[in-house]
Amino acid sequence: MNVPKIPLGDWVDVLVQWITVAFAGFFTLLTTVIESLLNIIVAVLSAGPPIILIIVLTLLVTYTSRWPLGIFTLLSLLLIDNLGYWDSSIQTIAIVLLSGLLTIIIGIPVGIWCAQRQTVHRIVTPILDFMQTMPAFVYLIPSILFFGIGVVPGIIASFIFAIAPTIRMTNLGIKEVPRDLIEAADAFGSSASQKLFKVQLPIATPTIMAGVNQSIMLALSMVVTASLVGAPGLGADVYRAVSQIDVGKGFEAGLSIVFIAVILDRISQNLRKPAYEHVMKKKIAISILAVLVILTAIVTGVTKQNATEKGGNGIGAQMDYKIIGIEPGAGIMAQADRAINDYQLDHWQLQEGSSAAMTAELKKAYNQKKPIIVTGWAPHWMFSTYDLKFLKDPKKTFGEAEDIHTIVRKGLEQDAPGAYTILDQFSWKPANLEKVMVDIKDGMEPEKAAEKWISANKDKVGQWTNGAKAGNGEAISLVYVAWDTEIASTNVIAKVLEQHGFKVKMSQVEVGPMYAGVANGSADAMVGSWLPSTHREYHNQYKNDFVDLGSNLHGTKNGLVVPKYMDIDSIEDLK
């Protein structure tokens, strides 16, 4: 069909941009409130040694779900502490509790409103259908623009993803209250509020609590996804293990999430009717727990040092001493960690996330002329879009200029000699790569941008294909990471291989799986190996299991990047 494409994506971009500017003050306030609440929850959960919280949770689970589960809670939490995931678990529990609290505060009233107003129910139902079927990753995109990188967009995305069951089950529970009870309440002259709080809600409580339980479990399932935008906790540990192909750590972090899920599930399921309510009344138990929480919050609030005591220059205070990073497995993140140590930047923290989250945060800060420091590399489209500079690195922590290598699996030369020759002869300059990257950044599909560049550089492409045997539909599998450089280069070489008779499949993966895939033969090649520094660990780990065809691009650079309007020039200026 020749019907022009509806620019739906462009409309959404304009709408999001308008909302970002128009409601900037509201988003700032909401961010402050959520971060403050989260800090309070983390402070309460972290008060004292871990054994205190372990005992409290063990007693709570025992009270609500009997002693076998209490023993399970004790042993599982002790194991989490022993494995070294206690701090991450505290962060995860705090995020889930806050997300669950938001779903209760907003979800139950909305569910009640739906039950009382059929018009509201008709409006809210399709919205809930949309929220439950839309991929959770999509919620992260506007969340980054509205709230910046960090834990807040993760909490907001978790809340949006998890609120639907609470609304639906509250609506269902109230509607299922027997009609004769409603008629009896009306006959005795009950007001609408009396009927709601003394008849409908008490009877609907089991159904409502089932919805709350499901919302808590959905919020917990979002912890790994939320780590893509910088949310801390066990999700970040899992993400880091995946990107580094560390099966052991991935299993440990995943097992910790399972333990926490079981504990929270049993508490939320049985809190309405505790197993040992005959020993201690529920009101007394809840009152004791509430007093402990309030007293702990007061004590930790009084003793907590003010963040402004960190000292340092004004730039650090304005950015809350955060350096915006990318994926937790990337080599540049290890370099940035070393830089913090080498330059003794004691108060600074490296914020993990993703390359997409980093560029979104850079765009937001740049448009508002706010200070920001990101982990950056060249070539990258952001240097063509924004006026940026690398901070000087006197200690050479980020190393010198690097090359990008092409790596193929063993046996490819024999299985597909033509593809091997093209990959071996593939070589270009940063300026060539940047042209493709800019086109993609401006909205062109990667394959279209690749075709455009190939059409304009036939002589260069001819050098790559010179002497290469034409393919006969042989399948070639290319893997790449979701860096803008690798998206551009992989699409270009894929299109060249296709034009030479090969059937190319491209797979986006993390850095660790990219190397492992070529090493074990499940992928044929990659053109995004940054050496000798960025991907050094992965290269050394698998170097005996693949073939390194050498550099396809020279002159890359890693480092800390800031906008030129910032009055700092060196990493040493951050002290």
What I'd like to find out is whether the side chain of Val408 reaches to under 4.5 Å of the side chain of Asp524, using heavy atoms alone.
no
Nearest-0.5 Å distance that lies between atom CD in Glu537 and atom OH in Tyr542
11.5 Å
State whether the side chain of Ser221 and the backbone N or O of Leu218 hold a donor-acceptor pair below 3.5 Å, judged by distance alone.
yes
Full working for side chain to side chain contact (heavy atoms under 4.5 Å, CB included) between Ile372 and Val562
CA-CA 6 Å; Ile372 186 173; Val562 300; over 6 Å; no
For Ser529 and Ile407, work out which heavy atoms get closest and say how close.
OG-CD1, 3.4 Å
Distance to the ring centre below 6.0 angstrom and angle to the axis at most 45 degrees; does that hold for Lys363 and Tyr386?
no
Ignoring hydrogens, what is the shortest heavy-atom contact between Asp548 and His539? Give both atom names and the distance.
OD2-NE2, 3.2 Å
Using a 3.5 Å distance criterion without hydrogens, assess whether the side chain of Asn457 forms a donor-acceptor pair with backbone atoms of Lys460.
no
Side-chain donor/acceptor of Gln351 to backbone N/O of Ile324, under 3.5 Å
no
Verify the distance criterion only: is there a donor paired with an acceptor across the side chains of Glu434 and Ser384 at less than 3.5 Å?
no
Checking Trp428 side chain against Ser489 main chain: does a donor-acceptor pair fall under 3.5 Å?
no
Value rounded to 0.5 Å, distance of CD1 in Ile40 from OG1 in Thr296:
12.5 Å
Main-chain N/O of Leu234 paired to Thr92 side chain as donor or acceptor, under 3.5 Å:
yes
Is there a side-chain contact between Leu77 and Leu53 in this structure, where contact means two heavy atoms from C-beta onward sitting under 4.5 Å apart?
no
Would you check if Trp464 and Val492 make a side-chain contact, meaning some heavy-atom pair closer than 4.5 Å?
yes
For a side chain to side chain contact (heavy atoms under 4.5 Å, CB included) check, start with the C-alpha distance between Phe26 and Phe146, then their side-chain angles and the critical distance, and finish with the verdict.
CA-CA 10 Å; Phe26 170 73; Phe146 296 158; over 6 Å; no
Looking at CH2 of Trp348 and CG of Asn341, how far apart are the two atoms once the value is rounded to the nearest 0.5 Å?
15.0 Å
Sub-4.5 Å side-chain heavy-atom contact between Glu327 and Val511:
no
Establish, from distance only, whether the side-chain atoms of Trp377 and Asn558 form a donor-acceptor pair under 3.5 Å.
no
Whether the side chain of Thr397 engages the backbone of Asp393 through a donor-acceptor N/O pair (distance < 3.5 Å, no angle test) should be reported.
no
Between Thr534 and Glu402, is a side chain to side chain donor-acceptor pair (under 3.5 Å) present by the stated rule, with each step listed?
CA-CA 8 Å; Thr534 303; Glu402 290 195 309; 2.6 Å; yes
CH2 (Trp18) and OG1 (Thr20) are apart, to the nearest 0.5 Å, by 10.5 Å
Tell me, yes or no, whether the heavy-atom count around Gln368 atom CD, taken from other residues, nucleotides or ligands under 6.0 Å, exceeds 12.
yes
Is the number of heavy atoms from other residues, nucleotides or ligands within 6.0 Å of NZ (Lys364) greater than 12?
yes
Determine whether Ile326 and Met333 make a side-chain contact, defined as any pair of heavy atoms from C-beta on separated by less than 4.5 Å.
yes
Using 30° and 60° as the class boundaries, would you call the ring planes of Phe27 and Phe147 parallel, tilted or perpendicular?
perpendicular
Ile216 CD1 to Leu264 CG distance, which is reported to the nearest 0.5 Å
6.5 Å
Any donor and acceptor pair, going by atom type alone, linking the side chain of Tyr85 with main-chain N or O of Leu255 inside 3.5 Å?
no
Drop me the distance from Ile51's CD1 to Asp81's CG, to the nearest 0.5 angstrom.
8.0 Å
Can you name the nearest heavy-atom pair linking Ile95 to Leu38, along with the distance?
N-CD1, 3.9 Å
Main chain of Ala516, side chain of Asn520: is a donor-acceptor contact present, judged purely on distance under 3.5 Å?
yes
Can you check side chain to side chain contact (heavy atoms under 4.5 Å, CB included) on Val293 and Leu295, steps first, answer last?
CA-CA 6 Å; Val293 171; Leu295 289 177; over 6 Å; no
Hydrogens and angles aside, do Ser427 and Asn552 bring a side-chain donor and acceptor to less than 3.5 Å of each other?
no
If we only count heavy atoms from C-beta on, is the Asp387 to Pro563 side-chain gap below 4.5 Å?
no
In the structure I gave you, are the side-chain heavy atoms of Ile373 and Val561 within less than 4.5 Å of one another anywhere?
no
Any donor-acceptor N or O pair under 3.5 Å, side chains Ser227, Glu352
no
Give a yes/no verdict on a cation-pi contact between Lys557 and Phe390, requiring under 6.0 Å between NZ or CZ and the six-membered ring centre and an angle within 45° of the axis.
yes
With a 3.5 Å cut-off and no angle check, do the side chains of Glu486 and Trp530 form a donor-acceptor pair?
yes
Counting N and O atoms only, with roles assigned by atom type, does the side chain of Gln508 sit under 3.5 Å from a partner on the main chain of Tyr480, one being a donor and the other an acceptor?
no
Is the number of heavy atoms from other residues, nucleotides or ligands under 6.0 Å of Asp459 CG greater than 12?
no
Between Ala449 and Ile440 the two heavy atoms that sit nearest each other are CB-CG1, 3.7 Å
Would you sort out whether Trp381 and Asp484 count as a side chain to side chain donor-acceptor pair (under 3.5 Å), showing the intermediate values?
CA-CA 8 Å; Trp381 60 261; Asp484 300 275; 2.8 Å; yes
More than 12 heavy atoms of other residues, nucleotides or ligands under 6.0 Å from CG of Asp567: yes or no?
no
Measure from the ring center of Tyr565 to the ring center of Tyr366 and say whether it is less than 6.0 Å.
yes
For Leu362 and Met382: C-alpha separation, side-chain torsions, deciding distance, then whether side chain to side chain contact (heavy atoms under 4.5 Å, CB included) applies.
CA-CA 9 Å; Leu362 174 63; Met382 63 184 179; 3.7 Å; yes
Would you indicate whether the side-chain heavy atoms of Val223 and Val96 approach each other to under 4.5 Å?
yes
Taking Lys389 for the side chain and Ile568 for the main chain, is one N or O donor matched with an acceptor at less than 3.5 Å?
yes
Where Gly555 and Asp403 come nearest, the two heavy atoms and their spacing:
N-OD1, 4.0 Å
If we count only N and O atoms by modelled type, under 3.5 Å, do the side chains of Gln541 and Tyr515 hold a donor and an acceptor together?
no
Looking at every non-hydrogen atom in both residues, tell me the closest pair between Asp569 and Asp573 and how far apart they are.
N-OD2, 2.9 Å
Are the aromatic rings of Trp483 and His535 close, with centres under 6.0 Å apart?
yes
